[in-house]
Amino acid sequence: MTTEVNVLLNKKRYFYNRYSEEIVSDDLINYIYHESIGSNFKNKVKINIKCNFEVTEEEKEKMMSMIRNNFKKQVQEELYSYEKEQDRKGILLALGIALLILYYTNFTSILKDVMLIVGWISVCSSIYGLIFSSTKSYVDINRLKNLSKSRIYFEWYYEKK
């Protein structure tokens with residue numbers, strides 16, 4: 001299946017970031033992303049852009065490339081965050097298991113109780129994180145990947161005055 005996102009650009013400046021013509025407007029990127037939500041995150045994405053201004057073929061290619069590259073950068077950023085989060089959960093799991101092992105060896109009773117509690121909390125929170133909290137990151141990463149590979153079509157309804 002395909003998810004369609006329709007964009008209406010009345011002015012060329014709405015496409016570009018107000019500080020640079022090498023960056024896509026954050027408003028446009030956010031709009032495209034939020035319009036893709038609501039459908040299956042595995043769907044391919046088709047972006048239809050209607051322009052009320054003239055666009056050369058070079059500008060059109062540049063705009064398409066800018067949109068895709070923007071989402072590719074977001075994918076890289078999300079993957080980096082996801083991997084670091086998974087690393088922290090793995091360390092927490094290892095710490096919890098180590099503390100539980102220490103608990104079952106011969107330590108003083110108060111220290112043993114503290115290690116038992118901290119060990120179980122570490123194990124439980126890391127397992128919970130690995131199983132449940134990673135789902136949102138997975139969905140976001142896949143949605144951004146599909147947006148970075150989206151088909152982009154331009155349509156002009158430019159009217160000369």
Side-chain angles (χ1 to χ4, degrees), residues 1-98 118-159:
M1 293 195 56
T2 303
T3 300
E4 283 195 42
V5 177
N6 296 309
V7 177
L8 175 63
L9 287 176
N10 288 320
K11 296 182 181 176
K12 193 182 290 190
R13 68 177 180 186
Y14 294 155
F15 181 84
Y16 297 104
N17 183 296
R18 64 182 177 177
Y19 301 110
S20 172
E21 287 200 2
E22 299 299 317
I23 302 172
V24 181
S25 163
D26 289 337
D27 291 337
L28 179 59
I29 292 299
N30 289 335
Y31 173 78
I32 292 170
Y33 178 78
H34 289 291
E35 285 297 306
S36 71
I37 295 175
S39 61
N40 188 336
F41 68 92
K42 293 183 180 180
N43 286 355
K44 294 186 180 209
V45 179
K46 177 180 168 186
I47 302 172
N48 300 312
I49 300 176
K50 283 187 170 185
C51 300
N52 191 14
F53 51 87
E54 289 186 57
V55 180
T56 64
E57 283 299 313
E58 292 103 25
E59 287 176 317
K60 182 176 95 169
E61 291 298 323
K62 180 182 175 188
M63 289 172 153
M64 290 189 305
S65 175
M66 288 171 67
I67 290 171
R68 288 187 187 114
N69 287 338
N70 186 288
F71 286 115
K72 284 178 187 174
K73 287 178 186 175
Q74 287 184 355
V75 167
Q76 291 171 344
E77 191 68 26
E78 286 289 326
L79 280 173
Y80 179 77
S81 297
Y82 178 76
E83 289 168 0
K84 292 300 174 190
E85 184 180 317
Q86 296 302 86
D87 291 346
R88 282 192 295 272
K89 290 174 189 172
I91 290 169
L92 193 60
L93 179 63
L95 174 68
I97 291 171
V118 172
W120 277 116
I121 289 173
S122 297
V123 169
C124 291
S125 65
S126 64
I127 289 174
Y128 176 83
L130 287 168
I131 294 172
F132 297 109
S133 69
S134 300
T135 305
K136 183 182 180 333
S137 296
Y138 175 76
V139 169
D140 286 343
I141 289 168
N142 278 310
R143 188 176 310 281
L144 289 169
K145 279 183 181 177
N146 286 336
L147 285 166
S148 73
K149 299 174 194 172
S150 65
R151 293 183 180 257
I152 302 172
Y153 298 97
F154 281 83
E155 183 179 325
W156 293 271
Y157 68 99
Y158 177 74
E159 297 174 14

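All figures in this text were calculated on a predicted structure; none of them were measured in a lab. Residues: numbered from 1 along the sequence shown.
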Asker: Determine the minimum heavy-atom distance between V123 and I97, stating which atoms define it.
Answerer: CG2-N, 3.8 Å
Asker: So, taking the atom named CZ in F15 and the one named CZ in F53, what distance separates them when rounded to the nearest 0.5 Å?
Answerer: 8.5 Å
Asker: Do the side chains of E58 and E61 get nearer than 4.5 Å, heavy atoms only?
Answerer: no
Asker: Does any part of the side chain of T3, heavy atoms only, come nearer than 4.5 Å to the side chain of F41, both counted from C-beta?
Answerer: no
Asker: What's the verdict on side-chain contact (heavy atoms from CB on, under 4.5 Å) for S36 and L147, showing C-alpha distance, side-chain angles and the deciding distance?
Answerer: CA-CA 8 Å; S36 71; L147 285 166; 3.8 Å; yes
Asker: Kindly compute the distance separating NZ (K50) from CG (N10), expressed to the nearest 0.5 Å.
Answerer: 11.0 Å
Asker: If you define the side chain from C-beta out and look only at heavy atoms, does anything of I141 sit under 4.5 Å from K145?
Answerer: yes
Asker: Are the side chains of N43 and N146 in contact, using a 4.5 Å heavy-atom criterion?
Answerer: no
Asker: Would you find a donor on one side and an acceptor on the other, under 3.5 Å apart, between the side chain of S122 and the backbone of V118?
Answerer: yes
Asker: How far apart are the C-alpha atoms of K12 and E21, what are their side-chain angles, what is the distance that settles it, and do they pass the side-chain contact (heavy atoms from CB on, under 4.5 Å) test?
Answerer: CA-CA 10 Å; K12 193 182 290 190; E21 287 200 2; over 6 Å; no
Asker: Which distance, rounded to the nearest 0.5 Å, do you find between the CG of L93 and the SG of C124?
Answerer: 10.0 Å
Asker: Run the numbers on E77 and Q74 for side-chain contact (heavy atoms from CB on, under 4.5 Å), then give the verdict.
Answerer: CA-CA 5 Å; E77 191 68 26; Q74 287 184 355; 5.5 Å; no
Asker: For the side chain of S150 and the backbone of I152, is there at least one donor-acceptor N/O pair under 3.5 Å apart?
Answerer: no
Asker: Do L144 and E78 make a side-chain contact, defined as non-hydrogen atoms from C-beta onward lying under 4.5 Å apart?
Answerer: yes
Asker: Say you draw a straight line from CD1 of I37 to CD1 of I32; how long is it, rounded to the nearest 0.5 Å?
Answerer: 12.5 Å
Asker: Looking at K62, I'd like to know if its NZ atom is crowded, meaning that more than 12 non-hydrogen atoms belonging to other residues, nucleotides or ligands lie closer than 6.0 Å.
Answerer: yes
Asker: Side chains of Y153 and I47, heavy atoms from C-beta outward: is any pair under 4.5 Å?
Answerer: no
Asker: Could you state the interatomic distance from CD (Q86) to CG (L79), rounded to the nearest 0.5 Å?
Answerer: 11.0 Å
Asker: Do the side chains of I67 and F71 get nearer than 4.5 Å, heavy atoms only?
Answerer: yes
Asker: What's the verdict on side-chain contact (heavy atoms from CB on, under 4.5 Å) for D140 and Y33, showing C-alpha distance, side-chain angles and the deciding distance?
Answerer: CA-CA 10 Å; D140 286 343; Y33 178 78; 2.9 Å; yes
Asker: Answer whether the closest heavy-atom distance between the side chains of V7 and E35 falls below 4.5 Å.
Answerer: no
Asker: When rounded to the nearest 0.5 angstrom, what is the spacing between CD1 in I29 and NZ in K73?
Answerer: 10.5 Å
